Amino acid sequence: MSSETTTQSAIYLTPLAAHAVQNLLEKRNLQGFALRIFVSGGGCSGLQYGMSLEQNIRDNDLTWDFNGVTVVVDEVSIQYLNGATIDYVEGIMESGFKITNPNALASCACGNSFNTQRREGGANNTSGCACH
């Protein structure tokens with residue numbers, strides 16, 4: 001594996017999120033897979049989060065280990081994810097992975113889409129969002 005492993009975390013995976021990833025990997029019998037977290041264009045606010053379980057770690061990827069789970073982020077996405085925390089929540093109102101991103105100045109009501117620039121109407125402008 002020739003990817004860069006960082007000693008200082010630019011992102012953080014909580015123990016609950018690490019446990020949820022481990023459960024997914026075990027249920028699907030995926031050995032040697034990592035959690036890739038990425039940002040792509042789209043969504044209600046301009047950018048959206050994505051996650052996948054994969055074995056393909058590229059030369060320029062950044063990697064971290066959290067409680068036995070390898071997290072991979074590409075060099076473009078880390079610019080938007082620097083300082084983010086990935087958690088796993090389970091409750092009546094919502095269940096699943098939740099990203100708290102200090103770089104997001106505007107976000108969709110569901111939290112899956114965000115923007116790093118302020119929009120007219122305030123930091124949390126969700127007009128036009130289909131998920132609220």
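It should be emphasised that the depicted structure is a prediction, and the values quoted were computed from it without experimental measurement.
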When clusters are formed by joining ILVMFWY residues with side-chain heavy atoms under 4.5 Å apart, either directly or through shared neighbours, do Y12 and V89 land in the same one?
->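 No; tracing contacts between hydrophobic side chains, which count when under 4.5 Å, never links both residues.
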Taking the side chain as every heavy atom from C-beta outward, state whether V21 and F97 have any pair of such atoms under 4.5 Å apart.
->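 Yes, at least one pair of side-chain atoms sits under 4.5 Å.
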Report yes if some heavy atom in the side chain of R28 is under 4.5 Å from a heavy atom in the side chain of L53; otherwise report no.
->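 Sidechains of L53 and R28: in contact.
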When L13 is tested against each of Y88, W64, F66 for side-chain contact (heavy atoms from CB on, under 4.5 Å), which residue passes?
->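 Exactly one candidate clears the test, F66.
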For a side-chain contact (heavy atoms from CB on, under 4.5 Å) with I11, tell me which candidate from I78, T85, L62 qualifies.
->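 Of all the options given, the one that passes is I78.
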Could you walk me through whether S52 and F38 pass the side-chain contact (heavy atoms from CB on, under 4.5 Å) test, one step at a time?
-> CA-CA 9 Å; S52 64; F38 58 92; 4.3 Å; yes
Any chance you could measure [X], atom [atom1], to [Y], atom [atom2], to the nearest 0.5 Å?
{"X": "K98", "Y": "E90", "atom1": "NZ", "atom2": "CD", "value": "14.5 Å"}
{"X": "E75", "Y": "D59", "atom1": "CD", "atom2": "CG", "value": "10.5 Å"}
{"X": "N101", "Y": "I86", "atom1": "CG", "atom2": "CD1", "value": "8.5 Å"}
{"X": "D74", "Y": "S40", "atom1": "CG", "atom2": "OG", "value": "10.0 Å"}
{"X": "N29", "Y": "K27", "atom1": "CG", "atom2": "NZ", "value": "13.5 Å"}

Taking all non-hydrogen atoms of both residues into account, name the closest pair between [X] and [Y] and its distance.
{"X": "P102", "Y": "G83", "value": "CD-O, 3.5 Å"}
{"X": "I99", "Y": "A84", "value": "CG2-CB, 4.2 Å"}
{"X": "V72", "Y": "A34", "value": "CG2-CB, 3.6 Å"}

Pairing residues for D87 by the side chain to side chain donor-acceptor pair (under 3.5 Å) criterion, not counting sequence neighbours =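 Once residues adjacent in sequence are excluded, the partners of D87 under the side chain to side chain donor-acceptor pair (under 3.5 Å) criterion are T14.
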Given the rule in the side-chain contact (heavy atoms from CB on, under 4.5 Å) test, do L35 and M51 qualify, once you have shown the distances and angles that lead to the verdict?
-> CA-CA 7 Å; L35 173 66; M51 293 184 181; 4.1 Å; yes
Side-chain donor or acceptor of [X] paired with backbone N/O of [Y] under 3.5 Å:
{"X": "D61", "Y": "R58", "answer": "yes"}
{"X": "Q22", "Y": "N67", "answer": "yes"}
{"X": "R36", "Y": "I57", "answer": "no"}

